[in-house]
Amino acid sequence: RDKVQIICATIAFGLGIDKSNIRWIVHYSLPKNIESYYQEIGRAGRDGAPADTVLFYSYADVKTHHDMLEDSAPDRRELLTAKLDRMKRYAEADICRRRILLAYFNEQPVEDCGNCDVCKNPPKKFNGTVIAQKALSAVYRTGEKVNITTLINVLRGSHNAVIRENGYDSIKTFGTGRDIKYGDWAEYIFQLLNSGFLDIAYDEGYALKLNELSYRILKSEMDVLLTQ
């Protein structure tokens, strides 16, 4: 019976069939963006009974999507690539998956779901409040106009052309994170994004934006736990 429901789910994706009693949603490759993934898993359990979703993913899926994007217009390709990267980060994430999904759609979850694979097998975390405050402060002091790459360069004290031309080397948080490796900064920033502590504006050159939770963290009104 479960196998039948899986088949029904596959048909529902392809033909738009709306069945209320789908118990399983199985993705055997990585979806191209979170919007599609969210819509597809939302077809499970519409009758209110418990339902499960499983996502299988490998880097080959990412490469396939990248190859398909080669024929897109440059500006369109850049946007779709960014959304694909966000989907990849979701698949690799080690924080509550429901929290990531809600944060992506600008909702601020109060607590973890307790149902996903990460919640049931939580990784070891550390208090990363100071790290988060450095990143959020840099976003604020750069006018919420920089993307992830520029933000990391500001935090690590890079003196490249973009930093110098915009005067980012004169702000208070310039170089305050030079003790953290570039790759680690990228991971921590994506954790902030996935947790809903930071937003990204795809239509503004992928500029990072502060939200209500960002300001609470900056004011030391809440702690941030990060995965090493």
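Bear in mind that the values here come from a model prediction, so they are computed numbers and not experimental data.
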Minimum heavy-atom distance between Leu55 and Ser29, given as atom pair plus value:
CD1-O, 3.8 Å
Does the Asn211 side chain pair with the main chain of Gly196, one donor and one acceptor, at a distance under 3.5 Å?
yes
Counting heavy atoms not belonging to Lys83, are there more than 12 under 6.0 Å from its NZ?
yes
If hydrophobic clusters are built from ILVMFWY residues whose side chains come within less than 4.5 Å, do Ile34 and Met68 share one?
no
For the CG atom of Leu84 and the NE2 atom of His66, what is their distance to the nearest 0.5 Å?
5.0 Å
Could you check whether Tyr202 and Arg86, counting side-chain N and O atoms only, form a donor-acceptor pair closer than 3.5 Å?
yes
Is it true that, when you exclude Arg98 itself, more than 12 heavy atoms of the residues, nucleotides or ligands shown sit nearer than 6.0 Å to its CZ?
no
Just how far is it from atom CD of Glu187 to atom CG of Leu226, taken to the nearest 0.5 Å?
9.0 Å
Under 3.5 Å: donor-acceptor pair, side chain of Ser137, backbone of Lys134:
no
Side-chain donor or acceptor of Arg178 paired with backbone N/O of Gly175 under 3.5 Å:
yes
Between Asn147 and Gly205, what is the shortest heavy-atom contact and its length?
CB-O, 3.9 Å
Measure from NZ or CZ of Arg97 to the centre of the six-membered ring of Tyr90 and say whether it is under 6.0 Å with the direction within 45° of the ring axis.
yes
Is there a donor-acceptor contact under 3.5 Å linking the side chains of Asp67 and Thr64?
no
Kindly say whether Phe197 contributes a backbone atom to a donor-acceptor pair with the side chain of Ser214 at under 3.5 angstrom?
yes
Strictly distance-based, threshold 3.5 Å: is any side-chain N or O of Asn127 a donor or acceptor partner for the main-chain N or O of Thr129?
yes
Would you confirm whether Asp85, through its side chain, and Thr81, through its main-chain N or O, come within 3.5 Å as a donor-acceptor pair?
no
According to side-chain hydrogen bond (donor to acceptor under 3.5 Å, both in side chains), who are the partners of Tyr206, at least two apart in sequence or on a separate chain?
none
Does Leu155 offer a backbone N or O that forms a donor-acceptor pair with the side chain of Trp185 under 3.5 Å?
no
What verdict does the side chain to side chain donor-acceptor pair (under 3.5 Å) test give for Glu221 and Tyr215, after you've listed the backbone C-alpha separation in whole Å, the side-chain angles of each residue and the deciding distance to 0.1 Å?
CA-CA 9 Å; Glu221 294 178 354; Tyr215 288 108; over 6 Å; no
Are Asp199 and Asn106 close enough that some pair of their side-chain heavy atoms sits under 4.5 Å apart?
yes
Check the pair Gln191, Thr227 against side-chain contact (heavy atoms from CB on, under 4.5 Å), reporting the backbone distance first and the verdict last.
CA-CA 8 Å; Gln191 287 185 41; Thr227 301; 3.9 Å; yes
What I want to check is whether the side chains of Ser220 and Gln133 have a donor and an acceptor closer together than 3.5 Å.
yes
Please round to the nearest 0.5 Å and tell me the distance separating atom CG of Leu225 and atom NZ of Lys124.
15.0 Å
Under 6.0 Å from the NZ atom of Lys181, do we count more than 12 heavy atoms belonging to anything else shown?
no
Return the minimal non-hydrogen interatomic distance between Ile95 and Ser195, and the atom names on each side.
CD1-OG, 3.2 Å
According to a 4.5 Å side-chain heavy-atom criterion applied to Ile, Leu, Val, Met, Phe, Trp and Tyr, with indirect links allowed, do Tyr182 and Val162 form part of one hydrophobic cluster?
no
Give a yes or no answer on whether the side chain of Gln228 reaches the backbone of Lys125 with a donor-acceptor pair at less than 3.5 Å.
no
Are Glu92 and Tyr57 linked by a side-chain donor-acceptor pair shorter than 3.5 Å?
yes
I would like to know whether Phe174 and His159 meet ring pair (Phe, Tyr, Trp, His ring centres under 6.0 Å); could you show each step before the answer?
CA-CA 10 Å; Phe174 178 76; His159 289 279; 5.2 Å; yes
Mind checking whether Thr53 and Trp24 have side chains closer than 4.5 Å, heavy atoms only?
no
For the atom pair CG (Asn194) and CD1 (Ile189), what is the distance rounded to the nearest 0.5 Å?
12.0 Å
Which value, rounded to the nearest 0.5 Å, describes the distance between His65 atom NE2 and Asn33 atom CG?
8.5 Å
Any donor-acceptor N or O pair under 3.5 Å, side chains Asn153, Thr150:
no
Indicate if Val118 and Leu30 have the same hydrophobic cluster label, given that clusters are the connected sets of ILVMFWY residues with side-chain heavy-atom separations under 4.5 angstrom.
no
Kindly determine whether Arg43 and Lys19 satisfy side-chain contact (heavy atoms from CB on, under 4.5 Å), including the steps that lead there.
CA-CA 7 Å; Arg43 296 180 185 273; Lys19 293 181 65 66; over 6 Å; no
Please evaluate residues Lys145 and Thr142 with respect to the criterion side-chain contact (heavy atoms from CB on, under 4.5 Å), reporting the C-alpha separation (whole Å), side-chain torsions for both, the decisive distance (0.1 Å), and the verdict.
CA-CA 6 Å; Lys145 297 178 181 179; Thr142 52; 5.8 Å; no
Please check this pair: side chain of Asp47 against backbone of Ala49, looking for a donor-acceptor N/O pair closer than 3.5 Å.
yes
Within the 6.0 Å centroid threshold, strictly below: Tyr37 and His27:
yes
Which heavy atom of Met87 sits nearest a heavy atom of Pro31, and at what distance?
CG-O, 3.3 Å
Within-4.5 Å side-chain heavy-atom neighbours: Leu193 and Ile200
yes
May I ask whether Phe190 and Leu102 are part of the same hydrophobic cluster, defined by side-chain heavy atoms of I, L, V, M, F, W, Y residues being less than 4.5 angstrom apart, directly or through others?
no
Going through the checks in order, is the side-chain contact (heavy atoms from CB on, under 4.5 Å) test met by Leu198 and Leu136?
CA-CA 8 Å; Leu198 185 63; Leu136 298 175; 3.7 Å; yes
Angle between ring planes, Phe126 versus Tyr188, binned at 30° and 60°: parallel, tilted or perpendicular?
perpendicular
I need the Ser20 OG to Arg46 CZ distance, nearest 0.5 Å.
9.5 Å
Show the nearest heavy-atom pair for residues Arg23 and Pro50, with the distance to one decimal.
NE-O, 2.8 Å
Quick one: closest heavy-atom pair of Cys113 and Cys96, and the distance?
N-SG, 3.2 Å
Ignoring hydrogens and angles, tell me if any N or O in the side chain of Arg216 forms a donor-acceptor pair with the backbone of Glu212 under 3.5 Å.
no
Shared hydrophobic cluster for Ile171 and Val130 (ILVMFWY, side-chain gaps under 4.5 Å):
no
